[in-house]
*Asks:* 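Take a look at the following structure, please.
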Number of protein chains: 2
Amino acid sequence: MVKQTQTMTTSEWEIMRVIWTLGEATSRQVIRVMAKKTDWSPSTIKTLITRLQAKGYLTDNGAIRDRLYLPTVAEHEAMTATLSRTFHAMCAMCVGQALVDVLATTPLSKHDITHLQDTLQTKYAQAPDRIACDCMPHQQEEIAHHDK
Amino acid sequence: MVKQTQTMTTSEWEIMRVIWTLGEATSRQVIRVMAKKTDWSPSTIKTLITRLQAKGYLTDNGAIRDRLYLPTVAEHEAMTATLSRTFHAMCAMCVGQALVDVLATTPLSKHDITHLQDTLQTKYAQAPDRIACDCMPHQQEEIAHHDK
DNA sequence: GACTTTAGTCTACAACTGTAGATTATAAAA
DNA sequence: TTTTATAATCTACAGTTGTAGACTAAAGTC
């Protein structure tokens with residue numbers, strides 16, 4: 001089983017969120033924080049930290065004990081990477097509509113909304129009238145999809 | 001290892017895209033289509049179909065042979081469900097900015113953009129000035145995140 | 001009816017994930 | 001210095017996923 005690009009699992013992602021927020025953290029700190037949200041054992045958290053290091057998402061300050069773990073990727077980078085992958089895996093033709101639905105229930109600040117509006121407005125001029133379905137190799141099959 | 005909600009894996013998702021597009025399909029059809037995009041063996045595709053059935057994402061018309069497989073969930077439902085899960089796993093405070101970045105490179109039609117704009121405009125009135133970071137249990141920790 | 005094709009089912013297996021106990025080593029306390 | 005607490009490492013194990021060969025059973029062909 002040849003695994004392509006390493007990705008963070010959902011559990012690993014939760015650990016990263018804590019470390020991203022703190023900037024750097026010891027395993028003890030992560031364990032302390034996670035204890036409030038989950039019932040994971042300290043061992044589980046240490047395992048996840050080790051795996052995150054193996055995957056290259058964390059480094060450490062080299063201390064033998066009370067070691068500090070640091071992210072090698074910014075949270076923001078990781079988020080856009082994940083979202084891009086997610087969108088790319090989906091039917092290009094349907095992404096827009098799905099986004100409409102999801103945005104409706106996603107909490108966004110006025111600031112976020114303004115930025116999104118700016119982005120959309122900028123895109124509008126160059127935007128095509130329709131995006132082709134890319135679910136199947138052939139172009140004409142996209143029509144079938146459309147007719148669904 | 002107690003698995004929560006069943007989810008589609010990326011490989012399974014690719015199979016579903018074909019079947020969603022065709023509306024219903026025999027394994028042979030799926031194999032034929034996938035042969036153009038991947039080098040998966042017919043066996044692999046049959047395994048994936050079986051797993052999708054086990055997970056409840058596909059049913060079939062009961063035929064002994066040349067059986068037709070049908071989605072039990074609309075593509076659109078599956079997409080919004082996946083996107084919701086993805087967003088919920090991420091820092092609520094950062095989602096807006098990440099979306100700005102990703103939308104910039106996501107192909108959208110004029111129609112999509114208009115709809116998104118409508119949605120955003122509707123949200124604006126009730127939108128808060130800021131979304132709190134939900135990476136850690138305590139409220140004050142969100143400040144640390146903000147200061148990053 | 002024997003033969004060929006191929007759809008569907010079974011079995012397989014390694015890597016990845018979720019989850020965590022056992023062991024080792026280091027620093028702090030007594 | 002012996003003891004104690006606990007980081008860090010090792011080992012473990014079942015369920016999931018990627019990937020596919022082997023086997024069984026229909027359906028069509030000669």
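These values consider heavy atoms only, across backbone and side chains, with no hydrogens, waters or symmetry-generated copies. Residue numbers begin at 1 in each chain, while the letters A, B, ... track the order of the sequences.
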*Asks:* Give the rounded distance in Å between these two atoms: CH2 of B:Trp13 and P of D:dT17.
*Replies:* 14 Å

*Asks:* Who pairs with A:Trp13 by ring pair (Phe, Tyr, Trp, His ring centres under 6.0 Å), at least two apart in sequence or on another chain?
*Replies:* A:Trp20

*Asks:* Between atom CZ in A:Arg51 and atom C1' in D:dA12, what is the gap in whole Å?
*Replies:* 11 Å

*Asks:* Could you check whether any side-chain N or O of B:Arg17 sits under 3.5 Å from a backbone N or O of B:Glu75, counting only pairs where one atom can act as donor and the other as acceptor?
*Replies:* no

*Asks:* Are a donor atom and an acceptor atom from the side chains of A:Thr44 and A:Thr47 found within less than 3.5 Å of each other?
*Replies:* no

*Asks:* Just checking B:Gln121: does its CD atom have more than 12 heavy atoms from other residues, nucleotides or ligands closer to it than 6.0 angstrom?
*Replies:* no

*Asks:* Could you check how far CD of B:Glu12 sits from C1' of D:dG18, rounded to whole Å?
*Replies:* 10 Å

*Asks:* Please encode protein proximity along nucleotides 4-10 of chain C as a string of B, S and -, counting only heavy-atom distances under 4.0 Å.
*Replies:* --BBBB-

*Asks:* Has A:Arg32 got more than 12 heavy atoms of other residues, nucleotides or ligands less than 6.0 Å from its CZ?
*Replies:* no

*Asks:* Could you check whether A:Thr119 and A:Thr122, counting side-chain N and O atoms only, form a donor-acceptor pair closer than 3.5 Å?
*Replies:* no

*Asks:* Please report the distance, rounded to the nearest Å, between CG in A:Leu58 and P in D:dA8.
*Replies:* 12 Å

*Asks:* Is the shortest side-chain heavy-atom distance between A:Thr86 and A:Met90 below 4.5 Å?
*Replies:* yes

*Asks:* Any chance you could measure A:Phe87, atom CZ, to A:Thr80, atom OG1, to the nearest 0.5 Å?
*Replies:* 11.0 Å

*Asks:* With axes from five pairs an end, tell me the bend angle of the helix from C:dG1-D:dC30 to C:dA30-D:dT1, nearest 10°.
*Replies:* 10°

*Asks:* Do the side-chain N or O atoms of A:Thr9 get closer than 4.0 angstrom to the phosphate oxygens (OP1, OP2) of C:dG18?
*Replies:* yes

*Asks:* Counting side-chain heavy atoms from CB outward, which of D:dA20, C:dT19, C:dT17 is closest to A:Leu48?
*Replies:* C:dT19

*Asks:* Calculate the interatomic distance between A:Ile45 atom CD1 and C:dT19 atom P; express it in whole Å.
*Replies:* 11 Å

*Asks:* Send over the distance from B:Gln6 CD to C:dT17 C1', rounded to a whole Å.
*Replies:* 14 Å

*Asks:* So, is B:Ser11 close to the D:dT17 phosphate, meaning a side-chain N or O under 4.0 Å from OP1 or OP2?
*Replies:* no

*Asks:* May I ask you to say what B:Thr44 touches in the nucleic acid, namely base, sugar-phosphate or nothing, with a heavy-atom cut-off under 4.0 Å?
*Replies:* base

*Asks:* To the nearest Å, give me how far apart CE (B:Met8) and P (D:dT17) are.
*Replies:* 12 Å

*Asks:* Mind calculating the distance between CH2 (A:Trp40) and C1' (C:dG21) to the nearest angstrom?
*Replies:* 18 Å

*Asks:* Side chains of B:His115 and A:Leu99: does their closest heavy-atom pair fall under 4.5 Å?
*Replies:* no

